[in-house]
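Encoded as structure tokens, the structure appears first; notes follow it.
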Amino acid sequence: MTNKVLYFVCVAVLAVQFASAAFGGVRQDDVEQSVETVLSRLTLEQKIGQTWQCLGREMVEPASGDMSGEKLKESFLAGVRAGRYGSVIGKWGVENYNAIQRAAMEGVGIPLLIGSDMIHSAVTTYPIPLALACSWDESLWERVAEAMAAESLLQGCNWTFTPMLDVALDARWGRIAEGGGCDPLLTGLMGAAMIRGLQGEDMTDGLHIAACAKHYVCYGASLGGRDYNAVELSDDTLRNTYLPPFKMAVDAGVATVMPAFHSYNGVPCSMNAYLLRDILRREMGFGGMTISDWEAVKELVKHGTAADEADAAAQAINAGMDMEMVSSCYAKNLATLVKEGRVSMKTLDDAVRNILRVKFRLGLFDHPEIDKTKVTAAVDPAANRALAREAAQKSIVLLKNEADTLPLTSGAKVALLGDVAASEWQMLGCWSTKDLSKFENATLLDGLKADGVDVVYTEAYTLTGRVDTVAIERAVAEADVVIAAFGDYWEKSGEGASSSKIELPGEQLEAVRTVKACGKPLVAVVFGGRPMAFPVLAELADAVVMAWNPGGCGGWGIADVLIGAAEPWGRLTVDIPRTTGVCPLFYSQTTTGRPVVIDKSNPFGRRFTSCYNDVEPSALYPFGFGLGYTTFAYSGERAEVCGDVVVFSADVTNTGSRKGSELVQVYVRDEVAKIARPRRELKGFKRVELEPGETRQVEIKVPVNSLGYFVQGRYVVEPGRFTAWIASDSDHGRAIRFSIK
Ligand code: NOJ
């Protein structure tokens, strides 16, 4: 043995001994005590290391987007041993994940958080979150998230940056695809269900992972719907519209929170002590860790609110940002900042405490490595594909169904048109793992064939290109009914993909008109990651189905609904506007002194009421809307205040000839308040399944306390008059009154 080799062996042995000696007293069952034990034995450099999430793809050879199977750089592993990183970002695969954790445990003795974006896909690609939201189904959200948790472990991640809780009011904003839509309550319910699914009852069980509530906060209110843009918003609106889903996430025990990229009233969220310390920690009681968005600490310099990277680091950590993603302002500057007193040791210690606490909650000190056998046994690919198909069925929203065009008559000859109808790729979505194995993915064409439909496919047009009218005429001549794919490609939504026009691109309307001129019924299936404006399509098509980006099994799910094997279950969680110019458009807009008045002579609204010269101000399809294959009628709507709850009830009758389920929704307006309040706000919902002709009394209980609102930072529930609607969407229903004493 050479002296050099002997030296390295000694260092390694000492390191292992140090690790076990250092953290021998650590106990998973006493997290706070264990956090203190670990913290007390860290050097300044090691503490700073905990606050850095480094970029995985720079740590493998060759640098790549997917680190599973790649060779880990020795310099990276040495850094892990030395405690230079608290976390890494990327998908590593189990072997590399375990190698990283082994290095960590051999060295500093603190396992890493290994995180990635499993937004609607880790292995199986489920529908995008906006689509999933339309199921209004907490059990489905939880089951999808739980399946993604185990699949994420197979990708080598113990942490995901999900759920996105940004209330999105503006269809131009590309990231509307990633969240639950425009309603705070629904977004919060979906987020809480996903957190339960991802984290499980006990994150130490080796089958669950840490969740991350993002992007904190009001990112969806960016000016002009442009991504990363500034947000100017009153404190009341912040609290009444944007904070509630985050509060629900904190109450659900979310392990981590990611502040957003943008500035809120001039102060970037990444250095906003009001948001991070006063509200998130003190008011909401969040005890987990915060992680910046990608290079968001460094971007404080570009915001013009930090002089340089050192200043950015000081401002971010002092405001309550515990860990920095990718950029290295903390890693490079915190030692000096602490020595200079610009960052106190207590501030750094608190950040490290928050990080260690999550590692303990995940059970990483006891089980740093992923037990591949256990996780593989828990992941049933066939069951997950069945779940993805169910999720697609339940996400689809039937918007129009003239003359019962759907479900398809059995034996009908179908002409299927449009590039997206035969594209596996376009079934996916903005955060899919892009796994295109045929086994897993189905196009709409595959789905129709698998469901036994007599279908002939002709591309005839692409969403953004020319229309081959002759091909359409030829295809349609042979068919009884036409199914055609419209909308936009999924790449046009998601992060950094805002649009100034949300109308159908290309010559899609030419395709619609050509089909119509042939005199055959047209079923339009609209794909995309945002609500689009398609009034002409809605008028001309006989049936319209909003399919969103339905995921790898989406083709099967859509076909199931088209043939009637699954009922149209989805209801909108956003409003569909008539044109881009009305954005942001959302059902819960604040009341005005001049509400729009529409009458025969003023179809767009009477002048000097709140309207436009040239378009109806209402939604083409409102929040909550969605048809089934049967119809329902409401009667006997009532609201009764019983102690601290309001009991809303209605008799709901299935007036059609098929069994079906109705999503009964409760909306409330506070008639006299200190500040103008939303014209309607969702307060509860319940799904009821009824046989033809059956009537059931549906009861929905809403806590009186949830009828309040924030004004000047204070939550008030005011006595007085309220109006409620128990209805099938946010635009209809009979107004009923009740009072809070
Ligand atoms: C930037 C995105 O805003 C965020 O949602 C994501 O989690 C991070 N990048 C990490 O990829």
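In each ligand, atom 1 is the first atom listed, and ligand 1 is the first ligand listed.
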Under the salt bridge (charged side-chain N to carboxylate O under 4.0 Å, His left out) rule, collect the residues that match up with [X], sequence neighbours excluded.
X    : result
D293 : none
E491 : none
D278 : R282

Practice problem: Compute both the distance and the angle, then confirm whether K372 meets the cation-pi test with W92: under 6.0 Å from the six-membered ring centre, within 45 degrees of the axis. | Solution: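 Here K372 fails the 6.0 Å and 45° test against W92.
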Quiz item: Between the side chain of W294 and the main-chain N/O of M325, is any donor-acceptor distance below 3.5 Å?
Solution: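 Not at all, since once roles are kept as given, no pair shorter than 3.5 Å links the two residues.
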Practice problem: Taking only Lys NZ, Arg NE, NH1 and NH2, and the carboxylate oxygens of Asp or Glu, determine whether K298 and E324 approach each other closer than 4.0 Å. | Solution: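 Salt bridge flag = no for E324 with K298.
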Go ahead and list the nitrogen or oxygen contacts between ligand 1 and the protein that come in under 3.5 Å, distances to 0.1 Å, or just say none.
{"residue": "ligand 1", "atom": "3 (O)", "partner": "R175", "partner atom": "NH1", "Å": "2.7"}
{"residue": "ligand 1", "atom": "3 (O)", "partner": "R175", "partner atom": "NH2", "Å": "3.4"}
{"residue": "ligand 1", "atom": "3 (O)", "partner": "H215", "partner atom": "NE2", "Å": "3.4"}
{"residue": "ligand 1", "atom": "3 (O)", "partner": "D293", "partner atom": "OD1", "Å": "3.4"}
{"residue": "ligand 1", "atom": "3 (O)", "partner": "D293", "partner atom": "OD2", "Å": "2.5"}
{"residue": "ligand 1", "atom": "5 (O)", "partner": "R175", "partner atom": "NH2", "Å": "2.9"}
{"residue": "ligand 1", "atom": "5 (O)", "partner": "K214", "partner atom": "NZ", "Å": "2.8"}
{"residue": "ligand 1", "atom": "5 (O)", "partner": "H215", "partner atom": "NE2", "Å": "2.7"}
{"residue": "ligand 1", "atom": "7 (O)", "partner": "D117", "partner atom": "OD1", "Å": "2.6"}
{"residue": "ligand 1", "atom": "7 (O)", "partner": "K214", "partner atom": "NZ", "Å": "3.1"}
{"residue": "ligand 1", "atom": "9 (N)", "partner": "D293", "partner atom": "OD1", "Å": "3.2"}
{"residue": "ligand 1", "atom": "11 (O)", "partner": "D117", "partner atom": "OD2", "Å": "2.4"}

